[in-house]
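Working notes, structure below.
Keep in mind that the numbers below use all heavy atoms, side chains included, and drop hydrogens, waters and symmetry copies.
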Amino acid sequence: DMLCRLTAHNDQIPLTHSNLTRFHSRAPPQISVYEYLRRIVKYTSLERACLLVILIYIDRVCERVKTFTISSLTVHRFIIASVTLAAKAVCDSYCTNSHYAKVGGLSTQELNTLEVEFLELIDWRVAVEGTVMQRYYVNLVRQHSRFEIEEPSPESLSHRRRPSVQQPQQQQTEGGDGDGAQSGSQDSSEDQGQGDEYILTEQDYEEGLKDQWIPMGE
């Protein structure tokens, strides 16, 4: 919603040769910002923090390059370049540039070029502190009438402050090392099972994108 409102506002600014960038398309891509973000999230298993970082990158670029604007001609390329860099800066694992390029409707060479251009625009400041993301998140929620920040209840605060209770030494020793190892393996297997649904396999990737190639145009 924020990106759409920003795009609609900046589309009223006349386009001149002085504010043309590598992120400009000759015509707006035939996919909405909303559907473009949904597509990226679906086929890259993108973490939510990366979506928030897009807004931070916009401010950093506009702070250094006064003529740069997020419009219907630049928003899609800016999003895919932001996502590519944000995933590398914020996440422990991320996709290859060729994967992001295919999901975003670009060639790998073009995404590589946009990535280098993007790094120069933000002066290589890709890392974002948690406090900064929290501030942007709060401001983002407050600017939308449908959402509000929920204040934590006293019960939840007391629960968070409750110290962890260790098992008695007798219970820990009765099972021996074998039981302890078995319990750990079961926990890890459960964690792996919960995470499997978020892992994008090569087969899913090919099947999902086979009939959904969306070129961004020139």
Side-chain angles (χ1 to χ4, degrees), residues 1-29 31-34 36-37 39-41 44 46-101 103-144 216-218:
D1 182 69
M2 170 66 73
L3 289 173
C4 289
R5 286 190 282 122
L6 184 62
T7 298
H9 178 271
N10 290 335
D11 278 346
Q12 302 176 21
I13 301 176
L15 184 62
T16 64
H17 290 287
S18 61
N19 55 17
L20 282 176
T21 67
R22 290 184 181 272
F23 295 90
H24 278 83
S25 303
R26 294 186 178 180
I31 181 174
S32 67
V33 171
Y34 176 74
Y36 194 59
L37 286 171
R39 173 183 172 87
I40 293 174
V41 171
T44 65
L46 191 68
E47 296 186 15
R48 296 179 181 179
C50 296
L51 297 174
L52 192 61
V53 171
I54 294 176
L55 300 181
I56 301 175
Y57 284 169
I58 290 176
D59 284 350
R60 289 184 178 179
V61 170
C62 293
E63 180 183 354
R64 298 188 72 250
V65 186
K66 303 300 182 181
T67 58
F68 185 86
T69 57
I70 295 296
S71 66
S72 58
L73 298 178
T74 61
V75 62
H76 294 80
R77 281 178 165 84
F78 191 93
I79 286 176
I80 192 61
S82 297
V83 164
T84 302
L85 285 174
K88 296 177 181 179
V90 176
C91 306
D92 293 328
S93 60
Y94 46 85
C95 303
T96 61
N97 276 28
S98 59
H99 185 105
Y100 288 122
V103 172
L106 306 173
S107 66
T108 305
Q109 181 179 0
E110 183 176 3
L111 180 58
N112 292 343
T113 302
L114 290 178
E115 185 178 22
V116 174
E117 180 77 7
F118 198 102
L119 287 169
E120 294 181 356
L121 288 177
I122 61 174
D123 196 24
W124 296 77
R125 296 168 53 207
V126 295
V128 180
E129 296 179 354
T131 54
V132 176
M133 282 196 283
Q134 178 65 19
R135 186 169 68 251
Y136 269 78
Y137 173 74
V138 171
N139 290 335
L140 187 64
V141 173
R142 287 176 177 172
Q143 292 182 38
H144 203 291
M216 288 295 99
E218 298 181 356

Point to revise | Nearest heavy-atom neighbours spanning Leu121 and Arg64 | key: O-NH1, 2.8 Å
Check your understanding: Val141 versus Val138: any side-chain heavy-atom pair under 4.5 Å?
Key -> no
Review point. Just how far is it from atom CZ of Arg77 to atom OH of Tyr36, taken to the nearest 0.5 Å?
Key: 8.0 Å
Review point. Considering only heavy atoms from C-beta outward, does the side chain of Ile58 approach that of Leu3 to under 4.5 Å?
Key: yes
Check your understanding: Does a side-chain heavy-atom distance below 4.5 Å link Thr21 with His24?
Key -> yes
Point to revise | Thr69 side chain vs Ile13 backbone, donor-acceptor pair below 3.5 Å | key: no
Review point. In chain order, what residues pass the ring pair (Phe, Tyr, Trp, His ring centres under 6.0 Å) check against Tyr57, with sequence neighbours excluded?
Key: Phe118
Review point. Side chains of Thr96 and Ser98: do they bring a donor and an acceptor to under 3.5 Å?
Key: yes
Practice item. Please check if atom CZ in Arg5 has more than 12 non-hydrogen atoms from other residues, nucleotides or ligands closer than 6.0 Å. Key: yes
Practice item. Find the distance between OG1 (Thr84) and CG (Leu114) and round it off to the nearest 0.5 Å. Key: 9.0 Å
Review point. Which atoms form the tightest heavy-atom contact between Ser72 and Thr7, and what is the distance?
Key: N-CG2, 3.1 Å
Revision key, fill the gap. With Arg60 as partner, the option from Val65, Val126, Val128 fulfilling side-chain contact (heavy atoms from CB on, under 4.5 Å) is Val128
Revision key, fill the gap. Correct closest heavy-atom pair for Leu52 and Met133 would be CD2-O, 3.1 Å
Study note, to complete from the structure: Closest non-hydrogen atoms of Val53 and Ala86, given as atom of the first, atom of the second and distance, are CG1-CB, 3.8 Å
Check your understanding: Thinking salt bridges, do Glu115 and Lys88 make one under a 4.0 Å N-O criterion?
Key -> yes
Point to revise | His76 side chain to Phe23 backbone, donor-acceptor under 3.5 Å | key: no
Practice item. Step through the shown structure and confirm whether more than 12 heavy atoms of other residues, nucleotides or ligands are within 6.0 Å of OH on Tyr137. Key: no
Revision key, fill the gap. Tightest non-hydrogen contact, residues Leu46 and Ala87, listed as CD1-CB, 4.5 Å
Check your understanding: Do the non-hydrogen side-chain atoms of Val41 and Leu51 ever get within less than 4.5 Å of each other?
Key -> yes
**Study point:** Residue pair Ile70 / Phe68, side-chain heavy-atom distance below 4.5 Å
**Key:** yes
**Study point:** Where Val33 and Ile79 come nearest, the two heavy atoms and their spacing
**Key:** CG1-CD1, 3.9 Å
Review point. Out of curiosity, Leu73 CG to Arg26 CZ, how far, rounded to the nearest 0.5 Å?
Key: 12.0 Å
Review point. Between Ser71 and Val75, is a side-chain contact (heavy atoms from CB on, under 4.5 Å) present by the stated rule, with each step listed?
Key: CA-CA 6 Å; Ser71 66; Val75 62; over 6 Å; no
Exercise for review: With sequence neighbours left out, write down each residue that passes ring pair (Phe, Tyr, Trp, His ring centres under 6.0 Å) with Tyr136, or none if nothing qualifies.
Suggested key: none
Check your understanding: When Tyr100 is tested against each of Leu85, Thr44, Ile40, Leu106 for side-chain contact (heavy atoms from CB on, under 4.5 Å), which residue passes?
Key -> Thr44
Practice item. Check salt bridge (Lys or Arg N to Asp or Glu O under 4.0 Å) between Glu117 and all other residues, then give those that pass, not counting sequence neighbours. Key: Arg22
Practice item. Indicate yes or no for a side-chain donor-acceptor contact from Arg39 to the backbone of Gly104 under 3.5 Å, with no hydrogens or angles considered. Key: no
Review point. Out of curiosity, Arg135 CZ to Ile56 CD1, how far, rounded to the nearest 0.5 Å?
Key: 8.0 Å
